[in-house]
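Notes follow the structure.
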Protein chains: 2
Amino acid sequence: MRHRSVTDSAPQMTEATFQALADPTRRAVLDLLRRGSQAAGQIAIAFPVSRPAISKHLRLLRRAHLVSEHREGRHRVYELNPEPLRAVDSWIEQYRIFWTNSLNSLKAFVEAEHARETQLASDKASQRKHK
Amino acid sequence: MRHRSVTDSAPQMTEATFQALADPTRRAVLDLLRRGSQAAGQIAIAFPVSRPAISKHLRLLRRAHLVSEHREGRHRVYELNPEPLRAVDSWIEQYRIFWTNSLNSLKAFVEAEHARETQLASDKASQRKHK
DNA sequence: ATGATGCGTAACCGTACAGTTACATGAATG
DNA sequence: CATTCATGTAACTGTACGGTTACGCATCAT
């Protein structure tokens, strides 16, 4: 069912991606890198936290393969790698239909469809109402 | 610039959303709820962890407004609320262009465009190459 | 060589999470 | 009313962050 791209080899990778995106500073770093590659120090001065803090964020982003790093003299230039974000995009893709349609109407439909097979106690609970 | 929906009042909300999505179990709960609303116990038996663990996950999902809960007899029925995911979608929207185009070519373009104003040390670093 | 620059890492601290077991509470049921 | 069922919460534990300061180590400049 699931179509898997070449670079998205392991679902474990997706794990690291979502986790890396959990921090607002790291998302901001990615947003910054969208404008172009930057050296670590340059990235750090754009944030109110200390430089080692950014260094650790970059380590996590590296671990998630969301950035790549290459040395240039004594600089470490970081480059955005948007590839892992495809997995996030395809995950959220399955939810996009919920707000592109009339929002709750579709969900109500699916809910009613699966109601008789998955639910078992809720109908009994509704019976007790007209005691 | 940014268009803000009614329910996405604060950018702080987006914070909670991304953080809630960081855990694979919570994402799986949402995936499950996509098939229809479920009681807490029913959700719990679908996972290898204990029921209180799921209860805490549900609390986080509630805090992020990704699910809504209503009592039905002695059951707590949880319902998916995809609304906060719109913020995630619009965030990743800005990255979608990176893989819809010829991947790195666009990024190289943007990088070159902003190079002269944002960069300051890298050109000096490249100058030292042809000493 | 000496020193300044750029950057990562170690050590440390506080907090939040993910999991557990044990307990409390409210609703259905006999 | 006692009991079972459904669920949340408290208490506790281990681990991983996110932040700091101090340090180590290359690399460039003099």
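Residue numbering restarts at 1 for every chain, and letters A, B, ... go by the order of the sequence lines.
Applying the side chain to side chain donor-acceptor pair (under 3.5 Å) definition to pairs two or more places apart or across chains, those involving residues 43-60 of chain A are Arg26(A)-His57(A). Residue pairs meeting the ring pair (Phe, Tyr, Trp, His ring centres under 6.0 Å) criterion with at least one partner in residues 18-56 of chain B, sequence neighbours excluded, are Phe18(B)-Trp91(B).
Taking the side-chain hydrogen bond (donor to acceptor under 3.5 Å, both in side chains) definition, one finds that Arg62(A) meets it with Tyr78(A), sequence neighbours left out. For Glu15(B), the salt bridge (charged side-chain N to carboxylate O under 4.0 Å, His left out) test picks out Arg27(A), with sequence neighbours left out. Annotation: salt bridge (charged side-chain N to carboxylate O under 4.0 Å, His left out) contacts of Asp23(A) (sequence neighbours excluded): none.
Atom-to-atom, CZ of Arg76(B) to P of dG26(C) comes out at 10 Å; the value is rounded to the nearest Å. Here the C1' atom of nucleotide dC17(C) and the CZ atom of Arg59(B) are 11 Å apart, to the nearest Å. Rounding to whole angstrom units, CD1 of residue Ile45(B) and P of dA6(D) are separated by 10 Å. Rounding to whole angstrom units, NE2 of residue His75(B) and P of dT4(D) are separated by 17 Å. If you measure from atom CG of Leu58(B) to atom P of dG19(C), you get 12 Å, rounded to the nearest angstrom. One can place CD of Glu69(B) at 10 Å from P of dT7(D), the figure rounded to the nearest angstrom. Regarding Gln42(A), its CD atom lies at a distance of 8 Å from the P atom of dC7(C), rounded to whole Å. Rounded to whole Å, atom P of dG8(C) lies 12 Å from atom CG of Leu61(A).
OP1 or OP2 of dA6(D) has not a single side-chain nitrogen or oxygen of Tyr78(B) nearer than 4.0 Å.
The backbone N or O of Asp89(B) lies less than 3.5 Å from no partner atom in the side chain of Tyr95(A), so there is not a single donor-acceptor pair.
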Which letters describe nucleotides 12-23 of chain D, given B = protein heavy atom under 4.0 Å from base, S = only from sugar-phosphate, - = neither? -----SBBBBB-
